[in-house]
Student: 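Structure in C-alpha cells, see below.
Counting begins at 1 with the first residue of the sequence.
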Amino acid sequence: MPNRQIVARELAEIFKTLAHPDRVRVIEERASSELDVYGLADRLDLTGTRVSQHLGKLRAHRMVEERRDGRHHFYRLTQPELARWIVDGLAFVEGRMQGVSEGQIATVREMWAGST
C-alpha cells in the first residue's frame with residue numbers, strides 16, 4: 001500500500017508542475033530539440049523572463065535539463081515521452097471543451113505530434 005501512495009504523490013507533483021498552460025507549451029516546444037530561452041520566448045510569444053521562470057520550475061522538478069554554451073543556456077526534456085503523454089491527453093480534452101471544434105484540437109494534435 002505505501003508504494004501506491006508514493007507513486008500517487010509523485011504523479012500529483014507532476015500534474016502540479018504541468019498545471020500552467022505556458023509550461024505545457026514549453027514542454028511541447030522542447031519535445032524534439034533543445035532551444036535557448038530567447039528562441040523559446042520567440043516561438044511562444046512570451047517574454048524571456050517569463051520563459052526563464054517556467055524553465056526554472058520545470059528544471060527544479062527534473063523535467064528539463066540545461067546545457068550552457070557561453071552565455072546561452074539551452075534546454076531539452078529529460079524524458080521526451082512527457083511530450084507524447086501530453087499529446088495523448090488531448091483525447092480527454094476533446095469531450096470537455098466547449099467552443100473549440102474537433103478540427104481545432106486536431107490541428108493542435110498534429111502540430112504537437114509532429115514535434116515529438
Side-chain angles (χ1 to χ4, degrees):
M1 199 68 133
N3 290 338
R4 289 173 65 186
Q5 291 174 342
I6 292 168
V7 170
R9 199 169 313 139
E10 183 62 25
L11 274 171
E13 283 299 315
I14 290 169
F15 292 142
K16 279 195 318 191
T17 303
L18 295 175
H20 193 286
D22 291 342
R23 285 193 287 274
V24 170
R25 293 173 55 216
V26 165
I27 287 170
E28 287 307 323
E29 282 297 324
R30 293 297 25 92
S32 61
S33 64
E34 65 179 19
L35 201 60
D36 70 352
V37 172
Y38 298 106
L40 267 172
D42 186 51
R43 285 189 184 188
L44 298 173
D45 195 28
L46 298 172
T47 65
T49 302
R50 189 165 174 175
V51 170
S52 290
Q53 290 170 346
H54 289 306
L55 286 167
K57 185 156 187 143
L58 292 170
R59 196 176 67 219
H61 287 88
R62 301 177 315 276
M63 293 183 181
V64 296
E65 295 174 324
E66 175 185 28
R67 179 182 65 83
R68 295 180 185 206
D69 185 7
R71 294 178 16 183
H72 296 278
H73 299 241
F74 294 90
Y75 295 87
R76 69 171 185 267
L77 292 179
T78 56
Q79 295 178 292
E81 349 18 281
L82 179 59
R84 287 190 293 277
W85 194 46
I86 290 172
V87 170
D88 290 343
L90 289 174
F92 295 101
V93 172
E94 285 177 315
R96 298 176 51 95
M97 291 190 68
Q98 296 177 4
V100 177
S101 72
E102 288 180 26
Q104 291 169 313
I105 291 176
T107 300
V108 171
R109 179 180 282 114
E110 287 175 29
M111 182 177 63
W112 283 357
S115 64
T116 58

Student: To the nearest 0.5 Å, what is the distance between CD (Gln53) and CG (Leu46)?
Tutor: 10.5 Å
Student: Working to the nearest 0.5 Å, report the span between OG1 of Thr78 and CZ of Arg62.
Tutor: 8.5 Å
Student: Quick one: which residue pairs count as a salt bridge (Lys or Arg N to Asp or Glu O under 4.0 Å) with a foot in residues 51-61, not counting sequence neighbours?
Tutor: Arg59-Glu66
Student: Just how far is it from atom CD of Glu28 to atom CG of Leu44, taken to the nearest 0.5 Å?
Tutor: 11.0 Å
Student: To the nearest 0.5 Å, what is the distance between NE2 (His54) and OG1 (Thr49)?
Tutor: 11.0 Å
Student: Does any non-hydrogen side-chain atom of Val108 lie less than 4.5 Å from one of Val93?
Tutor: no
Student: Using salt bridge (charged side-chain N to carboxylate O under 4.0 Å, His left out) as the criterion, list what pairs up with Asp42, not counting sequence neighbours.
Tutor: none
Student: Any idea which heavy atoms bring Val37 and Gly48 closest together, and the distance?
Tutor: CG1-O, 3.5 Å
Student: Is any side-chain heavy atom of Leu90 less than 4.5 Å from a side-chain heavy atom of Trp112?
Tutor: yes
Student: Examine Leu40 and Ile86 and state if one hydrophobic cluster contains both, with Ile, Leu, Val, Met, Phe, Trp and Tyr joined whenever side-chain heavy atoms are less than 4.5 Å apart.
Tutor: yes
Student: Is there a donor-acceptor pair closer than 3.5 Å between any side-chain N or O of Arg23 and the backbone N or O of Thr17?
Tutor: yes
Student: What about Val24 and Leu55, same hydrophobic cluster or not, with Ile/Leu/Val/Met/Phe/Trp/Tyr joined at side-chain heavy-atom distances under 4.5 Å?
Tutor: yes
Student: Between the side chain of Asp69 and the main-chain N/O of His72, is any donor-acceptor distance below 3.5 Å?
Tutor: no
Student: Which pair of heavy atoms, one from Pro80 and one from Ala31, lies closest together, and at what distance?
Tutor: CB-O, 4.0 Å
Student: Please name all residues satisfying salt bridge (charged side-chain N to carboxylate O under 4.0 Å, His left out) with Arg25, sequence neighbours left out, ordered by chain then number.
Tutor: Asp22
Student: Please work out which of the three classes, parallel, tilted or perpendicular, describes the rings of Phe15 and Trp85, given edges at 30° and 60°.
Tutor: parallel
Student: Working to the nearest 0.5 angstrom, can you tell me the gap between Arg84 CZ and Leu77 CG?
Tutor: 10.0 Å
Student: Does Tyr75 offer a backbone N or O that forms a donor-acceptor pair with the side chain of Arg30 under 3.5 Å?
Tutor: yes
Student: CZ of Arg43 to CG of Leu35: how many Å apart, nearest 0.5 Å?
Tutor: 5.0 Å
Student: I'd like to know if Leu82 and Phe92 are part of one continuous hydrophobic network [Ile/Leu/Val/Met/Phe/Trp/Tyr, side-chain heavy atoms within less than 4.5 Å].
Tutor: no
